[in-house]
Number of protein chains: 2
Amino acid sequence: MKTETQNYRSKCPLSIALEFIGDKWSLIIIRDMCLGKSKYCDFQASSEGIPTNILANRLRELEENGLLVKRPYQDKPVRYEYFLTPKGADLLPVLQQLVIWTQKYVSECMAPPEDFFTIKPEDLLNRINRVGK
Amino acid sequence: MKTETQNYRSKCPLSIALEFIGDKWSLIIIRDMCLGKSKYCDFQASSEGIPTNILANRLRELEENGLLVKRPYQDKPVRYEYFLTPKGADLLPVLQQLVIWTQKYVSECMAPPEDFFTIKPEDLLNRINRVGK
DNA sequence: CCTATCACTTGCAATAAGCAAGTGATAAAT
DNA sequence: ATTTATCACTTGCTTATTGCAAGTGATAGG
């Protein structure tokens, strides 16, 4: 993951994209947010079983990289919900193509939710306005 | 990277895709093959500077996972060229979406080759028949 | 007061990445 | 014939990242 500003290994757009999301977990979190999840415990509950330290670390990095924002939904203690930014939501077409690929070549995979291929990045953005859970 | 057979952390198609290509280097190699590169030294020469041990390891894994095949182009000593399979070539739409994303959000990135968005996976497949080098 | 939950953080062992150097086969130059 | 060079790796070693388990602090409920 990229954290510090503008120091890419190359200027190839693919290579840069991989510095943002080229690991085993970042896109899993983005996926969960596409599916409507927003809280730490939601991400933790996913069937891949992300370790908690990696989850905390990735949420921080994804926020630093501008793919998501967090908003407190309670004080005492303060707890956050996480929402996709346009930059994060625009990874949806990437996810969709990855899912198409797996469905074509890996028979054991399960089907995505019914509307997964019809939703668009902008559909993911107003969730932050539907005040929190 | 996935190596051994059918033991995925979950059956989610996105998660499975990431077990194949969810790292910083595999898609760089696939990209180079999409751009017509086929030999070890070609991959090594790319501006990201892949370490040689990782390159050898990724070529082996990508082959084990059926994304590419290798074919000797000389004996004494035997040397191989690498070619995308349909399974590997069908990652092109994923690459294209990743490039679209970076171009939208990272101004410092360079432009891909002119025809990058018009080529199709099947265009990448007959290169193995245009006999070597 | 005891227990539990939630969102983390910390410690630590295991794995993977990254760098430099080495290897073996061969060809080309001296 | 010996040296030099190349190509495709492999090996060794150091550093960084992962992943598991356990701990922490704030709070709520019984």
Side-chain angles (χ1 to χ4, degrees), chain A residues 1-4 7-10 15 18-29 32-33 37-65 68-83 132-133, chain B residues 1-4 7-10 15 18-29 32-33 37-65 68-83 132-133:
Chain A
M1 275 103 293
K2 270 239 85 274
T3 291
E4 68 290 345
N7 191 20
Y8 305 115
R9 59 182 173 174
S10 87
S15 177
L18 293 173
E19 294 194 48
F20 282 92
I21 51 82
D23 73 287
K24 293 249 188 307
W25 293 111
S26 296
L27 285 185
I28 293 288
I29 295 171
D32 282 352
M33 297 181 76
K37 297 183 180 180
S38 64
K39 304 221 187 82
Y40 194 93
C41 61
D42 296 332
F43 304 128
Q44 211 179 147
S46 290
S47 62
E48 289 82 12
I50 185 168
T52 61
N53 54 347
I54 294 179
L55 175 55
N57 175 267
R58 290 298 187 280
L59 287 172
R60 185 164 40 242
E61 290 181 344
L62 290 171
E63 196 198 3
E64 286 170 1
N65 289 334
L68 56 82
V69 288
K70 65 182 180 183
R71 184 185 62 177
Y73 66 93
Q74 64 166 52
D75 305 326
K76 303 182 308 169
V78 61
R79 290 291 139 84
Y80 298 96
E81 278 184 295
Y82 299 88
F83 296 94
K133 169 66 181 175
Chain B
M1 271 103 296
K2 270 241 85 274
T3 291
E4 68 290 347
N7 191 20
Y8 305 115
R9 59 182 172 174
S10 86
S15 177
L18 293 173
E19 294 195 48
F20 282 92
I21 50 82
D23 74 287
K24 293 246 187 309
W25 294 111
S26 297
L27 285 184
I28 293 288
I29 296 170
D32 282 352
M33 298 182 77
K37 297 181 179 181
S38 65
K39 304 220 187 83
Y40 194 93
C41 60
D42 297 332
F43 304 128
Q44 212 178 148
S46 290
S47 61
E48 289 81 13
I50 185 168
T52 61
N53 53 349
I54 293 178
L55 174 56
N57 175 267
R58 290 299 187 278
L59 287 172
R60 185 163 40 242
E61 291 181 343
L62 289 170
E63 195 198 5
E64 285 170 0
N65 289 332
L68 55 83
V69 290
K70 64 182 181 182
R71 185 185 59 178
Y73 66 93
Q74 64 166 51
D75 304 327
K76 303 181 307 167
V78 62
R79 289 292 139 84
Y80 298 96
E81 278 185 296
Y82 299 87
F83 296 94
K133 165 70 181 173

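Order of the sequence lines sets the chain letters (A, B, ...), proteins ahead of strands, with each chain counted from 1.
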Atom-pair distance (CD on A:E19; P on C:dA17), nearest Å: 15 Å
Protein-nucleotide distance (B:L59, atom CG; D:dA8, atom C1'), rounded to Å: 10 Å
Between C:dC8 (P) and A:Q74 (CD): distance, integer Å: 11 Å
Under 4.0 angstrom between A:Y82 side-chain N/O and C:dA7 OP1 or OP2: no
Nearest-angstrom distance from the residue atom CD of A:E61 to C1' of C:dC8: 16 Å
A:L59 side, atom CG; A:L55 side, atom CG - distance, nearest 0.5 Å: 4.5 Å
Sugar-phosphate only, base, or nothing, as touched by B:R9 at under 4.0 Å among non-hydrogen atoms: nothing
Whole-Å gap separating P (D:dC9) and CZ (B:R60): 9 Å
For A:D42, side-chain hydrogen bond (donor to acceptor under 3.5 Å, both in side chains) partners two or more places apart: none
Set of residues satisfying side-chain contact (heavy atoms from CB on, under 4.5 Å) with respect to B:S10, sequence neighbours excluded: A:S47, A:E48, B:C12, B:S15
Shortest non-hydrogen separation from A:I29 to A:L62 and the atoms involved: CG2-CD1, 4.0 Å
Separation of atom CD in A:Q44 from atom C1' in C:dT5, rounded to whole Å: 11 Å
Pairwise side-chain contact, A:F43 with A:M33, heavy-atom cut-off 4.5 Å (strictly under): yes
Residues that A:N53 engages under side-chain contact (heavy atoms from CB on, under 4.5 Å), provided they are two or more places apart: A:P51
Interatomic distance where CG belongs to A:D23 and P belongs to D:dG19 [whole Å]: 9 Å
Contact under 4.0 Å: A:Y73 side-chain N or O vs C:dA7 OP1/OP2: yes
Nucleic acid footprint by protein, nucleotides 20-30 of chain D - heavy-atom cut-off 4.0 Å, B for base, S for sugar-phosphate alone: B-B--B-S---
Under 4.0 angstrom between A:W25 side-chain N/O and D:dG19 OP1 or OP2: yes
Phosphate contact (D:dT18 OP1 or OP2) by A:R58 side-chain N/O below 4.0 Å: yes
A:R9 versus A:E19, closest heavy-atom pair with distance: N-OE2, 2.9 Å
Distance in angstrom units between B:E48 CD and C:dC19 C1', rounded: 18 Å
